[in-house]
Amino acid sequence: MSHHAPDGQPRRPDQAEEGPSASESDGVASVETAPLLSVAVVSEDQLTHEGATAALAAFSHIRVLPRGSEHDADVLLAFADDVSDQVLKRVEQISARRRDARAVLVTDSITEPRLIRAISLGVASVVLRRTATFSEIADAAVAASIGHSDVPPHVLGPLIRYMRRLERRGSSVGAGLSPRDMTVLSLLSDGLDTAQIASRLSYSERTIKSIVHAIVNTLGVSNRTHAVAYMIRAGFL
């Protein structure tokens, strides 16, 4: 039987018919593979670190970096039942090496001063550890990598109150105090001494004394007690 090409010309016996390419037969255009999102797990608990690493490694769009490579991560995932100063210090150390890295806290408890500090360190989102699935944690990492932020209502409340205090301070007092100054003042108002504040914020006592001295000078008061009283009367603490 004679075989002809589509144009009517005879086809040689060894000339195979050209079929559709793999991508054409599947009806899918060829696209470049999206780059993997590099994440690093930070946790004080070894079991949590290993479990989170194994669970997140199951997602095809995520690459979990090994210990020691955290500085190469696009997103840090910090796991903690209660966010401690040590966890924040670790996030700070890593963030200092890579300024564009974002962080997600996976926790059930964080104090207001630590929340403010976490945000200043580049933490984009807070995920409730007791209810979140690893799929939701992976989604939070992706969202953080493109600049999105999210915090649960019980965490958002203290943050809003803090921002309102800052707004009142700016409109009424114009004191020019930084968020760090306000955190130190808040801890002073809670009755903590210099050593306790230094431990809480992972600063040296000398640094805390310098901050307090600067606050006193900025507010034009005589000592730290008067500074706290002044800010309480003004409604900022």
Side-chain angles (χ1 to χ4, degrees), residues 37-45 48-49 51-53 55-56 59 62-65 67 69-167 177-184 186-187 197-203 207 211:
L37 177 67
S38 296
V39 304
V41 174
V42 177
S43 175
E44 295 178 297
D45 175 39
T48 296
H49 187 280
T53 297
L56 292 167
F59 294 92
I62 286 179
R63 178 167 64 100
V64 183
L65 301 181
R67 285 185 183 272
S69 301
E70 293 90 349
H71 299 98
D72 297 323
D74 300 313
V75 177
L76 306 177
L77 293 172
F79 289 77
D81 290 330
D82 183 8
V83 176
S84 66
D85 294 324
Q86 288 72 24
V87 170
L88 292 182
K89 188 171 184 178
R90 183 61 178 144
V91 171
E92 182 177 25
Q93 291 171 340
I94 298 172
S95 299
R97 293 277 298 273
R98 181 169 176 180
R99 296 293 183 179
D100 61 338
R102 305 302 298 273
V104 174
L105 291 180
V106 185
T107 183
D108 287 322
S109 177
I110 183 170
T111 63
E112 183 176 334
R114 287 175 181 157
L115 173 61
I116 303 305
R117 185 181 174 204
I119 292 173
S120 72
L121 295 176
V123 170
S125 299
V126 178
V127 177
L128 288 179
R129 183 174 182 177
R130 66 177 176 269
T131 58
T133 65
F134 276 103
S135 178
E136 291 169 336
I137 294 171
D139 289 343
V142 173
S145 72
I146 58 177
H148 293 177
S149 298
D150 186 35
V151 294
H154 85 283
V155 175
L156 186 60
L159 181 60
I160 291 175
R161 288 194 296 272
Y162 177 80
M163 296 306 295
R164 285 174 177 168
R165 288 201 300 270
L166 288 183
E167 183 179 2
L177 300 183
S178 69
R180 184 179 67 171
D181 296 336
M182 291 299 296
T183 298
V184 171
S186 177
L187 293 175
I197 295 174
S199 175
R200 178 75 64 86
L201 300 180
S202 298
Y203 290 133
T207 298
I211 292 171

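Starting from 1, each residue takes its place in the sequence as its number. Quantities reported herein were computed from a predicted structural model and do not represent experimental measurements.
Ser38 and Asp72 make their closest contact through CB-O, 4.2 Å (heavy atoms, listed as atom of the first residue, atom of the second, distance). Nearest heavy atoms, Phe134 versus Gly51: CZ-O, 4.4 Å. Closest approach of His71 and Gln93 over heavy atoms only: NE2-O, 4.0 Å.
Taken to the nearest 0.5 Å, the OG atom of Ser84 stands 11.0 Å off from the NZ atom of Lys89. Atom OG1 of Thr131 sits about 7.0 Å away from atom CG of Asp108, to the nearest 0.5 Å. Atom CG of Leu88 sits about 7.0 Å away from atom CG of Leu105, to the nearest 0.5 Å. Note that the CZ atom of Arg90 and the OG atom of Ser43 stand 12.0 Å from one another [nearest 0.5 Å]. For the atom pair CG of Leu76 and CD1 of Ile94, the computed distance is 5.0 Å after rounding to the nearest 0.5 Å. Considering CD1 of Ile110 and CG of Asp82, their distance stands at 8.5 Å, rounded to 0.5 Å.
Judged purely by atom type and a 3.5 angstrom limit, Asp181 uses its side chain to pair as donor or acceptor with the backbone of Ser178. Using modelled atom types, no side-chain atom of Ser186 and backbone atom of Met182 make a donor-acceptor pair closer than 3.5 Å.
Annotation: salt bridge (charged side-chain N to carboxylate O under 4.0 Å, His left out) contacts involving residues 116-128, sequence neighbours excluded, comprise Glu92-Arg117.
Checking Thr48 against Arg129 by side-chain atom types alone, a donor-acceptor pair falls below 3.5 Å.
Looking only at side-chain heavy atoms (C-beta outward), Asp85 and Leu201 stay at 4.5 Å or farther from each other. Between Val104 and Ile137, every side-chain heavy-atom pair lies at or beyond the 4.5 Å cut-off. Side-chain contact between Val41 and Phe79 is present, with at least one heavy-atom pair separated by less than 4.5 Å. Here the side chains of Asp74 and Arg102 are not in contact, with every heavy-atom distance at 4.5 Å or above. Here the side chains of Thr107 and Asp81 are not in contact, with every heavy-atom distance at 4.5 Å or above.
A side chain to side chain contact (heavy atoms under 4.5 Å, CB included) with Leu77 is found for exactly one of Leu56, Thr53, Val42, namely Leu56.
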